[in-house]
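Data block below; observations after.
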Amino acid sequence: MGIVALIIIGAAAGFLATRIMRIEADIPTTMLIGIVGALVGGLVLRALLTMMGALAGFVGAVLGALVVIWVWQTYLKR
C-alpha cells in the first residue's frame with residue numbers, strides 16, 4: 001500500500017480514533033492525527049499488510065492514530 005493510500009485511510013482513521021478516545025478536535029487536527037497515525041501504523045505493520053490486505057491497513061491506521069493521540073495527550077498537551 002502506497003503512502004497516498006495511507007494518507008487517505010489515515011483521514012478516516014483519525015476520525016474513528018478521535019471518537020474512540022473521546023477527543024474533541026477540529027477537522028484539520030483530526031485529519032493530521034489520522035494521517036500521522038496511518039503512516040506510523042502502516043509502516044510498522046507493513047508485513048501484516050502484505051499478508052492480510054486493506055483491512056489490516058485500516059486497523060493499523062486506527063492503532064497508529066490511537067498511539068499518536070495518546071502521545072499527544074500524555075506529553076504534548078499540558
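Hydrogens, waters and symmetry mates play no part in the numbers below; they use all other heavy atoms, side chains included.
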So does Arg22 have more than 12 non-hydrogen atoms from other groups sitting under 6.0 Å from CZ? no
What side-chain donor-acceptor pairs closer than 3.5 Å can you find for residues 25-32, not counting sequence neighbours?
unit_1 : atom_1 : unit_2 : atom_2 : d
Asp26  : OD1    : Thr29  : N      : 3.2
Asp26  : OD1    : Thr29  : OG1    : 2.4
Thr30  : OG1    : Asp26  : O      : 2.9

For Ile20, which residues count as a side-chain contact (heavy atoms from CB on, under 4.5 Å) partner, sequence neighbours excluded? Leu16, Val62, Leu66
Minimum heavy-atom separation for Gly34 and Ala65, please, with both atom names. CA-CB, 4.2 Å
Is a donor on one side and an acceptor on the other found under 3.5 Å between the side chain of Thr18 and the backbone of Phe15? yes
Any chance you could measure Ile33, atom CD1, to Met21, atom CE, to the nearest 0.5 Å? 9.5 Å
